[in-house]
Number of protein chains: 2
Amino acid sequence: MAEVAARAGVAKQTVSNVVSGKKVRPETLAKVNTAIAELGYKPNLVARSLRTGSTSTVGLFVPRVANPFYSEVVEEVENVLVGHGYNLLLATTRDDPDYTRAHLENLAARSVDALLVAGDNGVEQQLPMLVDAAFPVALCAWEGDAPTTLPVVSIDYEHAGFLAGRYLRDLGHRNVAVIADLPAHSPRVRGLRRAFADDGLAIDDRQVFACTRDDAAGGFAAGSAALEADPELTAIFATHDVLAVGAIESVVRSGRRVPDDVSIVGFDDISQVGQIQPALTTVTFPKREMAQQAVELLLRAVDSGRPPTNVLTLLRPTLTIRDSSAAPRATG
Amino acid sequence: MAEVAARAGVAKQTVSNVVSGKKVRPETLAKVNTAIAELGYKPNLVARSLRTGSTSTVGLFVPRVANPFYSEVVEEVENVLVGHGYNLLLATTRDDPDYTRAHLENLAARSVDALLVAGDNGVEQQLPMLVDAAFPVALCAWEGDAPTTLPVVSIDYEHAGFLAGRYLRDLGHRNVAVIADLPAHSPRVRGLRRAFADDGLAIDDRQVFACTRDDAAGGFAAGSAALEADPELTAIFATHDVLAVGAIESVVRSGRRVPDDVSIVGFDDISQVGQIQPALTTVTFPKREMAQQAVELLLRAVDSGRPPTNVLTLLRPTLTIRDSSAAPRATG
DNA sequence: TTGAAAGCGCTAACAA
DNA sequence: TTGTTAGCGCTTTCAA
């Protein structure tokens, strides 16, 4: 920069002004620009960051990237950030409080401008640190009790579960099983139960199968267990789509058909499940809208230099009916 | 830092030595550490980066994150980086040379320590810039002609296609269609063709269907077109799994069955396709090994301060046979 | 082993 | 509008 200034016959400050687009007399601007071009000068953003304390970088915490739900969130967050001229520093928490804390300290030391936390697993314990962070923090896809001290962009998980439950109930299903990632997804299960309870029907604890693994294999195992426990089963609600995919397999392997014998309803509407056989009926989670709103909330705070507006935004989930669900067969 | 030094009664330099784990007399160390604890001192990594020119941050370019192949790569890259104490700056190129260039300049200005580029689409044009970068660059999942100037960790795509082709040929399939993302995936198609050519069989251009969309819907459309063009079709090779999922749907929708009427073979072995119905036969791409090796290659270069060893590493793809493929029905 | 001084490249604040 | 000065927080250099 000093070289550029010397070559253009101006002060470093003037070069700085040119680079950051401040007001400069046109002829000075031209001189500086040619000097920049001739020397191939590129500003050093680390130095700028040290001086200004801001890095144009936003951190994002997700439990895992190779989970279709979160990979879509990551993609959308990056989209929005790039649109605003920000960078994405991605960290996976693995649902592990220790990882989360280590990453948090690292981000703080690197002075990121903001942090978005997606998913609540393993993060609850770090909430005090998040609140005290020197930069704006927002939470999204938060299913547990939302802290009142931080802005949250999420959906009403209980209502989302209710949508699935009401749908199955109205179709006439009575022998229903739930396969769930517990305790993480209990609000979804609660919503489903409420839908049946509204009609005087109870979903027993024995109808709820917790998955030991959070992947399709876990869904397969839980689905198989559910079918064995109640061979008369006519519907399965899986608390997320990946489990639902495993559940479909368990039904098919047992010699039953979907949806003729057993209906399956999932949760999330990850991009793949609309195309599998049978196309999955699921609760659609507006992931991209969520990511967008959360990032924009943060960037507004960054730009204004004030803490983010502390709101709880709940987007509306909807039910997307495809081919994996139908009314139960009339019991001859 | 000055405060800590003052409180401990030492020079700033000594504090620096303590923080970066250099040799310090035990009693001095203790004094400094208590001062650090009392003041809650946290080193400023931006300042360190300005001084040292290194940021403990590695850039990763992927075309898209919400593509199961790349999301697995991202996850593994992050894993390895965290294991080595590095951060991940993630950028999506969207297969767009302009985005790629902009991101590249940004990373350079932020002085990342290294850059890993996954996928070649839209990146070829930036190769000269990549070669000239001030930091180590490596390429992975590179399907086009690999540049000799940069290290590459990839697989032999042509051979991978050959594996799929040989398998289908040996099963006895003769009416085969290919649905492909072209021209990106032509090596895979070439390999398939070679397998058939070895047996004196030719795969005609009319049997190759280019997808207009790079998702399951594109696979569905291409699959439908293929079935219409040749109703006697007994096998479809899709150049990646997401297309294969769409192809399965097209077969089922046409009233045929997989694999009884039509076999489907995919490519990549993304984590979902082992669990769908029918479980997909596919060419397994050792993505995580690839990511690991590429990152470690880069970090070795960073640590040694020398350019990365310029090697071409080709991992071995394998064929994973599941339920979507079988011998063609004997034509009565 | 420790201390003092210098400077990484930039921008905020003020003066001209 | 432009130039000067100072300093962000750290590490490198050199001297004690």
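Convention: sequence-line order gives letters A, B, ...; per-chain numbering from 1.
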Practice task
Answer yes or no: is there a donor N or O on one side and an acceptor on the other, between the side chain of Ser49(B) and the main chain of Ser54(B), under 3.5 Å?
Solution key: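 It does hold such a pair.
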Handout entry: Donor-acceptor contact below 3.5 Å, side chain Asp268(A) vs main chain Phe69(A)
Key =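 No; judged by distance alone, with no hydrogens or angles, the pair does not exist.
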Practice task
Walk along DNA chain D from 5' to 3' and tell me the first and last nucleotide with an atom closer than 4.0 Å to a non-hydrogen atom of chain B.
Solution key: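 Contact boundaries, 5' end first: dG9(D) to dT12(D).
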Problem - Spacing of Asn17(A) atom CG relative to dC14(C) atom C1', expressed in whole Å - result: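 Going from Asn17(A) (CG) to dC14(C) (C1'), I get 14 Å.
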Practice task
Tell me which residues in residues 7-16 of chain B put a heavy atom below 4.0 Å from DNA chain C, sorted by number, or none.
Solution key: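 Gly9(B), Val10(B), Ala11(B), Gln13(B), Thr14(B) - these, ordered by number, are the residues of the stretch whose heavy atoms sit under 4.0 Å from the strand.
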Exercise for the section: Pull out every residue in residues 27-49 of chain B that has a heavy atom closer than 4.0 Å to any atom of DNA chain C, ordered by number, or say none. Expected result: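 Within this stretch, Thr28(B) sit under 4.0 Å of the strand.
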Problem - Partner residues of Arg51(B) under the side chain to side chain contact (heavy atoms under 4.5 Å, CB included) criterion, sequence neighbours left out - result: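 Scan of Arg51(B) (side chain to side chain contact (heavy atoms under 4.5 Å, CB included), adjacent residues dropped) gives none.
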Exercise for the section: Output all residues satisfying side chain to side chain contact (heavy atoms under 4.5 Å, CB included) with Thr309(A), sequence neighbours left out; order by chain, then residue number. Expected result: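 Counting only residues at least two positions away or on another chain, Thr309(A) forms a side chain to side chain contact (heavy atoms under 4.5 Å, CB included) with Leu297(A), Val311(A).
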For [X], which residues count as a salt bridge (charged side-chain N to carboxylate O under 4.0 Å, His left out) partner, sequence neighbours excluded?
X: Glu72(A); value: Arg288(A)
X: Arg25(B); value: Glu27(B)
X: Arg300(A); value: none

Exercise for the section: Using a strict cut-off of less than 4.0 Å between a Lys/Arg side-chain nitrogen and an Asp/Glu carboxylate oxygen, indicate whether Arg64(B) and Glu75(A) qualify as a salt bridge. Expected result: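 Yes.
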Exercise for the section: Give a yes or no on whether a salt bridge exists between Arg7(B) and Glu38(B), defined as a side-chain N under 4.0 angstrom from a carboxylate O. Expected result: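 Yes.
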Practice task
Kindly say if Arg51(A) contacts the phosphate of dG9(C), meaning a side-chain N or O under 4.0 Å from OP1 or OP2.
Solution key: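 No, because none of the side-chain N or O atoms of Arg51(A) sits under 4.0 Å from OP1 or OP2 of dG9(C).
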Exercise for the section: Sequence neighbours left out, what passes side chain to side chain donor-acceptor pair (under 3.5 Å) with Asn87(B)? Give chain and number order. Expected result: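 Once residues adjacent in sequence are excluded, the partners of Asn87(B) under the side chain to side chain donor-acceptor pair (under 3.5 Å) criterion are Asn106(A), Arg110(A).
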Handout entry: side chain to side chain donor-acceptor pair (under 3.5 Å) involving Asn17(B) - partner list, sequence neighbours excluded
Key =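 Partners of Asn17(B) by the side chain to side chain donor-acceptor pair (under 3.5 Å) criterion, ordered by chain and then number, come out as Gln13(B).
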Handout entry: Rounded (10°) bend between the five-pair end axes of the helix from dT1(C)-dA16(D) to dA16(C)-dT1(D)
Key =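 Between the axes fitted at each end of the helix from dT1(C)-dA16(D) to dA16(C)-dT1(D) lies an angle of 30°.
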Practice task
Give the intermediate values and the outcome of side-chain hydrogen bond (donor to acceptor under 3.5 Å, both in side chains) for residues Gln126(B) and Thr100(B).
Solution key: CA-CA 8 Å; Gln126(B) 309 303 330; Thr100(B) 309; 5.8 Å; no
Problem - Selection residues 134-157 of chain B - residue pairs positive for ring pair (Phe, Tyr, Trp, His ring centres under 6.0 Å), sequence neighbours left out - result: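 Sorted pair list: Tyr157(B)-Phe285(B).
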